[in-house]
Amino acid sequence: MPIYKKAKEAGVFSSSDLALLGRVFDKLKNEHQSAERREALASRLMANYLAGLRDEDELLTASKLPLGR
């Protein structure tokens with residue numbers, strides 16, 4: 001799953017951090033997306049998380065927005 005790869009690349013996360021990221025990523029992705037699109041979603045999600053967003057709903061909403069907002 002791309003989100004776990006991105007999380008590992010970004011550093012050490014607790015199991016609760018990974019669970020949160022996994023839940024949000026599962027809500028963002030769908031089976032019709034390309035691998036590249038899923039990678040982009042994972043990157044955006046990680047960027048938002050590393051920027052300080054920790055609330056699941058806020059993280060989901062922000063990660064749906066296009067980059068450069």
Side-chain angles (χ1 to χ4, degrees):
M1 179 177 285
I3 193 63
Y4 294 113
K5 179 182 170 200
K6 293 291 181 188
K8 186 175 180 180
E9 290 170 359
V12 177
F13 293 90
S14 70
S15 59
S16 62
D17 293 335
L18 289 175
L20 170 65
L21 292 168
R23 283 191 308 273
V24 174
F25 183 75
D26 285 342
K27 292 176 184 177
L28 290 170
K29 69 178 177 117
N30 70 52
E31 62 275 359
H32 303 294
Q33 291 169 327
S34 67
E36 293 82 16
R37 177 72 177 133
R38 286 185 182 208
E39 287 285 333
L41 284 172
S43 293
R44 184 175 305 144
L45 175 57
M46 286 301 305
N48 288 325
Y49 183 84
L50 293 172
L53 289 176
R54 297 296 188 272
D55 178 77
E56 189 167 336
D57 292 330
E58 289 179 358
L59 195 53
L60 179 64
T61 300
S63 297
K64 289 179 179 179
L65 297 173
L67 295 176
R69 53 191 184 286

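Applying the side-chain contact (heavy atoms from CB on, under 4.5 Å) rule to Asn30 yields the partners His32, Gln33; only residues at least two apart in sequence or on another chain are considered. Arg37 is linked by a salt bridge (charged side-chain N to carboxylate O under 4.0 Å, His left out) to nothing, counting only residues two or more places apart in sequence or in another chain. Applying the side chain to side chain donor-acceptor pair (under 3.5 Å) test to Ser14 and every residue at least two apart in sequence or in another chain returns Ser16, Asp17. Lys64 is linked by a side chain to side chain donor-acceptor pair (under 3.5 Å) to nothing, counting only residues two or more places apart in sequence or in another chain. Annotation: salt bridge (charged side-chain N to carboxylate O under 4.0 Å, His left out) contacts of Glu56 (sequence neighbours excluded): Arg23, Lys27.
Note that CG of Leu28 and CG of Leu45 are 6.0 Å apart. Values are rounded to the nearest 0.5 Å. Atom OH of Tyr49 sits about 12.0 Å away from atom OG of Ser63, to the nearest 0.5 Å. In this structure, the separation between CZ on Phe13 and CG on Leu21 is 6.5 Å, given to the nearest 0.5 Å. Residue Leu50 holds its CG atom at 10.5 Å from OG of Ser43, rounded to the nearest 0.5 Å.
Distance alone, capped at 3.5 Å, places no donor-acceptor pair between the Arg38 side chain and the Lys29 backbone.
Between Arg44 and Leu41, the closest side-chain pair of non-hydrogen atoms falls below 4.5 Å.
In terms of heavy atoms, Leu60 sits closest to Val24 at CA-CG1, 3.9 Å.
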